[in-house]
Amino acid sequence: MIARRASGGAGFLTLGLLVGAFVYLQVLISQREMLPVLVAYAFVAVAGLIAAAAQPSASPAPSSWCFVAAAVLCGYIVGRALTSPVSYVARADLYLVLAGFVVYAVVLTALSAPARRAAIFVTLLLVALVHVAVAVAQVIRGGSLSLLVPALQSFEQGEITGRGAGLYASPNHLAGMLELVGVLGLSLACWSRRPHWLRICIGYLAAACYVGVALTGSRGGYLGVAASILAFACLSLLVLGAAGGRHVLKFGAIALVIASLGGLGLWTLVQQNPTLSGKLQNIVTDPTRVTLWEAAIEQWKLQPWIGTGSGTYLFYGREFRAPTFQQDPVDVHNDYLHLLAEYGVAGAAAFLLFFLVHVGYGCRTFVALGIRRVAAGAPPLSDRLALNIGALSCLAAYLVHSAVDFNMHIPANALLIASIFGMLAAPGLTQDQTTLATVPRWTPRLGLTLAAAVLLIQCVRILPGEYFADRARIALWREDWEAAMNFGLEALKREKQNPHIYFYLGRALRASAGELSQWEERVPLYESALSAHTKAHRLSPLDATYLIDQAQLYDILGRFEEAERMFALAKARDPRAQYISDEYNAHQKLWRRSRTHSQPPAGERPPVGQ
């Protein structure tokens, strides 16, 4: 009895930590900055260790094929991230996949009960309601990122004017979250065995999610919603068909009326906003994304089998970008091409195995819990069936949405989809309900323990350096050069593999030198700044940014031949960047002037780069 209570308490604690991490990730101004994301990952890791230490659950073990496929995919991405040419940039994928595996394994073990799994998504439905409320205000008021978090009220993002982003940084990624929890809520409302009043409330929350998707103006979100609703309708009709043709006609007609009215209402809502209606009319043609996809294909050709390494599209996307595209191409806006470019055919094959195995097992589960069980005369309503139909519909949404966006690189959404795969891998079938082999219960717990322990150790080790690096960044943005230097030096005591720290330190040293009146006092600071940017480039050799900073400092010091060499390297890394051409022209002009003047006046030296 005591052991059972302890196990139950550990399960609820695990659930609380996991849900807390999910919610925390959804209220960040930038969900890809390492500092706040690592905090969420630490909560995930603690939840994983608690789940691994809990008593084995009474539910059946997960599919062996699903768990092996997940371990293969996770292992390959971890290995490729550790061998990436820019180790710091690769950390984003490295820790995201570790956190995703921990979430996946936690859902397999401690959160195997359907009530606990449903609690995750009901909580997220409530969070989604907050997102939608903020999105409504954003569409009406014109784009303030957050009306609820005071620290974010001053942040304006022109790209989302007229569109709703909720508490996310991007409307597209809010749509990626809402389309998942929306269809899961819809499935729970239609197929779960919860009380009638609760199912009605969940249904209203799901409807609010679809209103939120409409307000985002995300074309990928619109396509994802259409795919998920289509999958949900097909699966539901199959279950109703197993119960008898009368059920198909009765409930199918009701669902058709509700869907038609809801679709008409959302269509009217979108047409009332010029920005949203413009996005809808341009749902297929998007030349910007095409240029990003073409660059990813060129990158993949460099190393087709194993890819160029985690996080490297940031650099090769610059090298292969179209001349008309001057924005920094951080992501491909296509999860499949992004995976292919950075992880090669091997990574794509590992993902394809993972996806097909889970979809296949999910379909077998659907047959057992839905068609076969209902045909035998059992009542159609079932919590496990509701979660199964919702999970398969979620995969349909992301199967489409991932072709035009990068939700799998957004931690809040990626961890959510990891939990959905976990539900498919361990649906709670008994051995006589499935013919597929299952792994011993200790196997996922062992993998969970190792992944969670490594993730927690790394989070604790890296967090102090990331904290001081972030303080240095903020101080530099506020033009507090002394504080930026002090925080940068504190960060370097704890972290020496982060090129951003040297970048912040170099910029602060350069700005401080510019405020001194005597040239002789400036030179040591300029030399120190040059050393800092040189170290940053050594840590991130594919990044042209640090080369430009070095070139500018060489120009300031009158070492024009060395500046010329830096510009040549920068143009090789980013040949179509207009800002590099502008900087190079300024360098050439300054060099020509130096031939007629022994030393340009201090007041005419280049200012700190923006």
Side-chain angles (χ1 to χ4, degrees), residues 21 25 28 30-42 44-45 69-104 173 176 292 296 299-300 302-303 305-317 328-352 354-355 398 402 405-418 421 450-452 454-459 461-463 466 497-500 539-540 542-543:
L25 283 172
L28 301 178
S30 177
Q31 299 162 33
R32 303 181 71 183
E33 294 290 339
M34 286 300 296
L35 176 62
V37 168
L38 285 174
V39 173
Y41 291 170
V44 169
V72 168
L73 178 61
C74 178
Y76 179 79
I77 293 179
V78 168
R80 196 64 188 95
L82 293 174
T83 57
S84 177
V86 184
S87 61
Y88 181 79
V89 175
R91 287 181 181 179
D93 281 4
L94 174 61
Y95 298 131
L96 175 57
V97 74
L98 282 174
F101 185 80
V102 170
V103 169
Y104 175 87
H173 302 139
L292 297 174
Q299 177 185 348
W300 168 68
L302 297 177
Q303 294 190 43
W305 293 108
I306 62 172
T308 56
S310 303
T312 52
Y313 180 77
L314 171 63
F315 312 116
Y316 288 108
D328 214 5
V330 179
D331 294 283
V332 183
H333 282 267
N334 183 310
D335 279 329
Y336 307 117
L337 288 178
H338 203 142
L339 177 71
L340 189 66
E342 294 189 350
Y343 297 95
V345 173
F351 168 75
L352 188 62
F354 171 82
F355 183 82
Y398 264 31
S402 289
D405 229 319
F406 52 97
N407 280 292
M408 294 308 295
H409 287 82
I410 302 301
N413 294 356
L415 296 189
L416 180 55
I417 202 71
F421 276 111
L450 293 176
V454 170
L455 181 62
L456 183 60
I457 290 171
Q458 288 299 96
C459 287
R461 184 181 70 85
I462 292 172
L463 267 171
E466 290 292 337
Q497 299 301 312
N498 183 349
H500 299 322
L539 291 173
S540 184
L542 300 178
D543 198 336

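When reading the values below, keep in mind they use all heavy atoms of this one structure, side chains included, and skip hydrogens, waters and symmetry mates.
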Would Leu73 and Phe101 count as a side chain to side chain contact (heavy atoms under 4.5 Å, CB included) if you check the C-alpha gap in whole Å, the side-chain angles of each, and the deciding distance to 0.1 Å? CA-CA 10 Å; Leu73 178 61; Phe101 185 80; over 6 Å; no
Reported CG-to-CD1 distance for the pair Asn407 and Ile417, which is rounded to 0.5 angstrom: 9.0 Å
Leu35: which residues meet the side-chain contact (heavy atoms from CB on, under 4.5 Å) condition with it, sequence neighbours left out? Leu463, Glu466, Tyr467, Asp470
Where is the tightest heavy-atom contact between Leu456 and Ala42, given as atom of each residue plus distance? CD1-O, 4.0 Å
When you compare the side chain of Leu539 with that of Tyr88, does any pair of heavy atoms fall below 4.5 Å? no
Test log, rule side chain to side chain contact (heavy atoms under 4.5 Å, CB included), inputs Leu292 and Tyr313: CA-CA 10 Å; Leu292 297 174; Tyr313 180 77; 3.5 Å; yes
Distance-only, no hydrogens or angles: does the Ser84 side chain make a donor-acceptor pair with backbone N or O of Ser310 under 3.5 Å? yes
Restricting to non-hydrogen atoms, name the atom on Ala21 and the atom on Val44 that form the minimum distance, rounded to 0.1 Å. CB-CG2, 3.7 Å
Taking the six-membered ring where the residue is Trp, are the ring centres of His338 and Tyr343 under 6.0 Å apart? no
Residues Met34, Tyr95; criterion side chain to side chain contact (heavy atoms under 4.5 Å, CB included); working and verdict: CA-CA 10 Å; Met34 286 300 296; Tyr95 298 131; 3.8 Å; yes
On a heavy-atom basis, which atom in Ala99 and which in Leu415 lie closest, and how many Å separate them? C-CD2, 3.7 Å
Ile462/Arg91 under side chain to side chain contact (heavy atoms under 4.5 Å, CB included): CA gap, chis, key distance, verdict: CA-CA 11 Å; Ile462 292 172; Arg91 287 181 181 179; 3.9 Å; yes
Going from CZ on Phe406 to OH on Tyr336, what distance comes out if it is rounded to the nearest 0.5 angstrom? 15.0 Å
Examine the side chains of Tyr398 and Asp335 and answer whether a donor and an acceptor come within less than 3.5 Å of each other. no
Atom pair CD1/CG of Ile410 and Asp331 - distance to nearest 0.5 Å: 7.0 Å
If you take all heavy atoms of Ala341 and Ala296, which pair is closest and at what distance? CB-O, 3.6 Å
Ring centres under 6.0 Å, that's the criterion: do Phe421 and Phe354 meet it? yes
Checking the side chain of Glu342 only, and the main-chain atoms of Thr312 only, is there a donor and an acceptor separated by less than 3.5 Å? yes
For Val89 versus Gly311, what's the shortest heavy-atom pair and its separation? CG1-O, 3.3 Å
If only atom types and distance count, is the side chain of Asn498 paired as donor or acceptor with the main-chain N or O of His500 below 3.5 Å? yes
Separation between CG (Leu339) and CE (Met408), nearest 0.5 Å, reads 10.0 Å
Output for pair (Asp543 CG, Phe315 CZ), nearest 0.5 Å, gives 5.0 Å
Do Leu94 and Val78 touch side chain to side chain, with heavy atoms closer than 4.5 Å? yes
Mark yes or no for whether Asp93, through its side chain, and Ile77, through its backbone, hold a donor-acceptor pair below 3.5 Å. no
Could you tell me which non-hydrogen atom of Leu25 sits nearest to which non-hydrogen atom of Ala412, and how far apart they are? CB-CB, 3.8 Å
Point-to-point distance, once rounded to the nearest 0.5 Å, from NE2 of His173 to CG of Asn413: 7.5 Å
